[in-house]
Structure formats: structure tokens, C-alpha cells
**Student:** 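Before anything else, here's the structure in question.
Not measured: the values here are computed from a predicted model. Side chains are part of it too, since the values below use all heavy atoms of this structure and drop only hydrogens, waters and symmetry mates. Counting convention: from 1, in listed order, for ligands and their atoms alike.
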Amino acid sequence: MNIQSMDTETVQQHDNMKLALLQCDIKIGDTAANRERIQQLIHETIQKHPDVKVILLPEMWNTGYALTEIHELVDDEGRVEREWISEYAKHYKVNIVAGSIAEKKNGKIYNSMYVFDMYGEQVARYAKLHLFRLMDEEKYLTAGDEPVTFTLDDKWCCGASICYDIRFPELIRSLALKGAKMLFVPAEWPQPRLHHWRTLLMARAIENQMYVISCNRVGTSGSTSFFGHSMIIDPWGEIVAEGKENEEILVGSIDPAMVDAVRERIPVFEDRRPEIYLKK
Ligand SMILES: O=C(O)CCC(=O)C(=O)O
């Protein structure tokens, strides 16, 4: 906690939570290779950092943006991925915010985040609300229609978002208003918009006084390249950890109690006047 930069007072640290972001490459259309790589990385994470409590994966890590063949690649409701992620979460006793996968539901394809707790129970499914036209998502995918919060470790309220969603401050604010103290952001955010990525993540953290935990892929897909720079940002807007541009397991610790400390110091949520600027 960089509470010194907030004020000279100290705030008791407790309940620190270590997270690991699996910033990896994704092979377009090769679901078996992608599954194997993620499995290796989860195993390696636990070997190197046995005290990790939460693992975050990138966006659409099962297929990449293989949109033209997506119907043939994915299975119903992400069954295969959900089964093994649940097993891994239980086996390694770790919460897995499983980035997002392409999945089929009632014949439609969604870009969905699944979250499993350390007992292997599924605690959330969130289908990406805002589809990204620059990558033709709207031509092949169906948008979700429900914002989602979930609870980790029986106590921490978290918000779900995927990549492009961070350009919509209204969505993230609505998650904060529902009690989210951490925002998870799996992504496939490409070059050349590194400045947007970093600035938007920091803005969402500062304005909502919440932790922002993002995992972006690396590597290239056709002519598109991805820069990584996965980030953990604290509710004061300081960077706890930031990835470079190659594959890595990025680890950082957060103290969710800092959210309340920051919200007390600058009471943005008490000072909001939505009755004035949200009126029709
Ligand atoms: O908003 C952007 O610039 C990137 C978004 C994106 O790549 C995505 O949502 O997949």
C-alpha cells in the first residue's frame, strides 16, 4: 500500500492478497495448445508462488480471435474449459478468474468470463457487454446484457469486465456502486494503443477508488500485435505491478482494506450528486 503518498498517517495493513496474472501468448484457433499452455502456467505459478490466492488469465485465451471459424472451435457453455479449470482451482486451492473464453450458448457465441473459487465452485459468469467493432466482434459474437459482481474469499466484492469494457466508465462505476472493491480486466488489447490502455486502467482505478487488476496477452495474431503490460493498480492510482512485453507470470500483492482508506480520505462516493447530472 502506498499510503504515504496519500497522507502521512499510516493505515493498518491486513488481509494482503497475492495475485498472479498469466500474461501469455495465444495461438489462434488452437484450443488444445492454448489449454496446455495455460495449464503449464498455472502449475508453474503455484510452484513458484504457493501463497498466490487469485490467478487471472487473458481474454479469449481458448481460441484467440479466430472469429471466422469460431462456431466449429467452441463447445457448449465452455464445458471442457470449465471442467478442468474447476478441477485445477480445487486441486491447487486457488481462486481462478479465468479470463474469458469464447463459448456457445443456445447457438450463439459469447466472450465470457468464468470465475471459480478455491473449492472449484463456479462463482460467476460474465458475458462481455461491449463488443469491439475494430476487431469485428459484433459480426460473430453476441453481447451479454448483465453487469456482474462476485465475491472472492467469502468477503471481497469484485467487478467483472473484459477489455473494451474499460472505455465505458458508466459500467465500471455501476460495479463500484454495487460494492466492487476490485475490478478484473482480461484483455487482448493490441498495439498501438498502449497509452489508452494504461490511462484508462489508471483512470478507472482512481475515479472508482478500487483495485484494477488486468491481464493482457502478448504475441501476434495475423498483422495484430499485443503488448502485454498487464497491470495491478491500487485505489490511489499507483502501479503495484506492471508486465513487460513478453510472456511472464506477473505477481503482486494487494490490501483490499486500502479501498476503504482511500474512500474515507476523499469521499467521492458520498459527494456524488447523481440526482443532478443523471436526471433525464
Ligand atoms: O478498446 C480498444 O482499444 C481495444 C479493445 C479490444 O481489443 C477488445 O475489446 O478486444
Side-chain angles (χ1 to χ4, degrees), residues 21-31 34 38 56-70 73-74 78 81 97-104 108-115 125-148 159-175 183-208 212-231 233 242-243 245 247:
L21 318 179
L22 308 193
Q23 177 177 292
C24 59
D25 197 354
I26 294 166
K27 287 200 162 55
I28 188 148
D30 194 341
T31 52
N34 291 328
I38 295 281
L56 175 64
L57 313 181
E59 181 184 15
M60 296 256 282
W61 57 261
N62 60 337
T63 56
Y65 272 83
L67 294 176
T68 52
E69 43 177 339
I70 202 88
L73 290 172
V74 300
E81 277 83 9
V97 180
S100 78
I101 55 169
E103 61 163 354
K104 204 179 288 180
K108 294 176 179 159
I109 309 289
Y110 293 87
N111 179 348
S112 306
M113 172 191 285
Y114 280 98
V115 182
R125 171 187 181 264
Y126 164 70
K128 189 176 186 180
L129 277 180
H130 302 100
L131 299 179
F132 190 51
R133 292 170 204 247
L134 220 58
M135 286 197 181
D136 285 342
E137 280 193 326
E138 87 292 357
K139 295 198 177 105
Y140 300 92
L141 308 180
T142 300
D145 50 17
E146 210 185 335
V148 169
S161 67
I162 301 175
C163 204
Y164 185 46
D165 282 336
I166 62 164
R167 289 188 186 269
F168 299 86
E170 315 88 312
L171 167 65
I172 314 304
R173 173 53 59 95
S174 78
L175 300 172
L183 177 73
F184 285 92
V185 192
E188 289 207 33
W189 195 290
Q191 296 277 18
R193 296 185 297 281
L194 175 60
H195 170 58
H196 290 197
W197 166 252
R198 296 181 83 252
T199 306
L200 289 165
L201 291 172
M202 281 194 248
R204 299 297 82 88
I206 294 168
E207 73 198 358
N208 294 297
V212 169
I213 300 148
S214 62
C215 182
N216 190 29
R217 68 165 286 190
V218 295
T220 55
S221 185
S223 57
T224 309
S225 55
F226 301 86
F227 47 66
H229 281 269
S230 300
M231 295 176 93
I233 304 165
E242 178 167 4
E245 306 210 344
E247 283 205 326

**Student:** Heavy-atom contacts with Pro190 under 4.0 Å: which atoms of ligand 1 show up? List them by number with element.
**Tutor:**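 That gives atoms 7 (O) of ligand 1.
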
**Student:** Using 0.5 Å steps for rounding, measure from the CD atom of Gln23 to the CD atom of Glu245.
**Tutor:**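 Going from CD on Gln23 over to CD on Glu245, the span is 8.5 Å.
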
**Student:** Hey, which atoms in ligand 1 end up nearer than 4.0 Å to a heavy atom of Arg193?
**Tutor:**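 Those qualifying, in numeric order: 2 (C), 3 (O), 4 (C).
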
**Student:** Rounded to the nearest 0.5 Å, what separates atom CG in Asn208 from atom CG in Leu175?
**Tutor:**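 Taking CG in Asn208 and CG in Leu175, the distance rounds to 8.5 Å.
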
**Student:** Identify, for atom 7 (O) of ligand 1, the protein heavy atom at the shortest distance, and state residue, atom and that distance.
**Tutor:**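 Among all protein heavy atoms, the one nearest atom 7 (O) of ligand 1 is Glu188 O, 3.1 Å.
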
**Student:** Under 4.0 Å from a heavy atom of Met135: which atoms of ligand 1 are those, numbered in the order shown and with their elements?
**Tutor:**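 Close to Met135: 7 (O).
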
**Student:** Which ligand 1 atoms does Phe132 reach within 4.0 Å, using its non-hydrogen atoms?
**Tutor:**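 So the answer, numbered in order with elements, is 1 (O), 2 (C), 3 (O), 4 (C), 5 (C), 6 (C), 7 (O), 8 (C), 9 (O).
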
**Student:** Write out the residue and atom name of the closest protein heavy atom to atom 8 (C) of ligand 1, then the distance separating them to 0.1 Å.
**Tutor:**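 For atom 8 (C) of ligand 1, the nearest protein heavy atom is Cys163 SG, 3.0 Å.
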
**Student:** What are the two closest heavy atoms between Ser100 and Asn111, and how far apart are they?
**Tutor:**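 Heavy atoms only, the tightest pair is OG-OD1, 2.5 Å.
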
**Student:** Number the atoms of ligand 1 from 1 as they appear, then name those within less than 4.0 Å of a heavy atom of Tyr65, with their elements.
**Tutor:**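 The atoms of ligand 1 under 4.0 Å from a heavy atom of Tyr65 are 10 (O).
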
**Student:** Would His130 count as a contact of ligand 1 if the rule is a heavy atom under 4.0 Å away?
**Tutor:**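 Heavy atoms of His130 never come under 4.0 Å of ligand 1.
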
**Student:** Could you check whether Glu137 and Tyr164, counting side-chain N and O atoms only, form a donor-acceptor pair closer than 3.5 Å?
**Tutor:**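 Per modelled atom types, Tyr164 and Glu137 side chains form no pair under 3.5 Å.
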
**Student:** In the protein, which heavy atom is nearest to atom 1 (O) of ligand 1, and how far is it?
**Tutor:**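 Answer, as residue, atom name and distance: Arg167 NE, 2.7 Å.
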
**Student:** Kindly give the heavy-atom pair with the smallest separation between Ser161 and Ile166, and that separation in Å.
**Tutor:**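 That closest heavy-atom pairing would be OG-CG2, 4.3 Å.
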
**Student:** Please find the pair of heavy atoms, one from Ile101 and one from Gly78, that lie closest to each other, and give the distance.
**Tutor:**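 Closest pair (atom of Ile101, atom of Gly78, distance): CD1-CA, 3.7 Å.
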
**Student:** Students should be able to answer this: which protein heavy-atom is nearest to atom 9 (O) of ligand 1, and at what distance?
**Tutor:**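 In this structure, atom 9 (O) of ligand 1 has Lys128 NZ, 2.7 Å as its nearest protein heavy atom.
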
**Student:** Distance check, rounded to the nearest 0.5 Å: Ile26 atom CD1 versus Thr220 atom OG1?
**Tutor:**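 If I round to the nearest 0.5 Å, the distance is 11.5 Å.
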
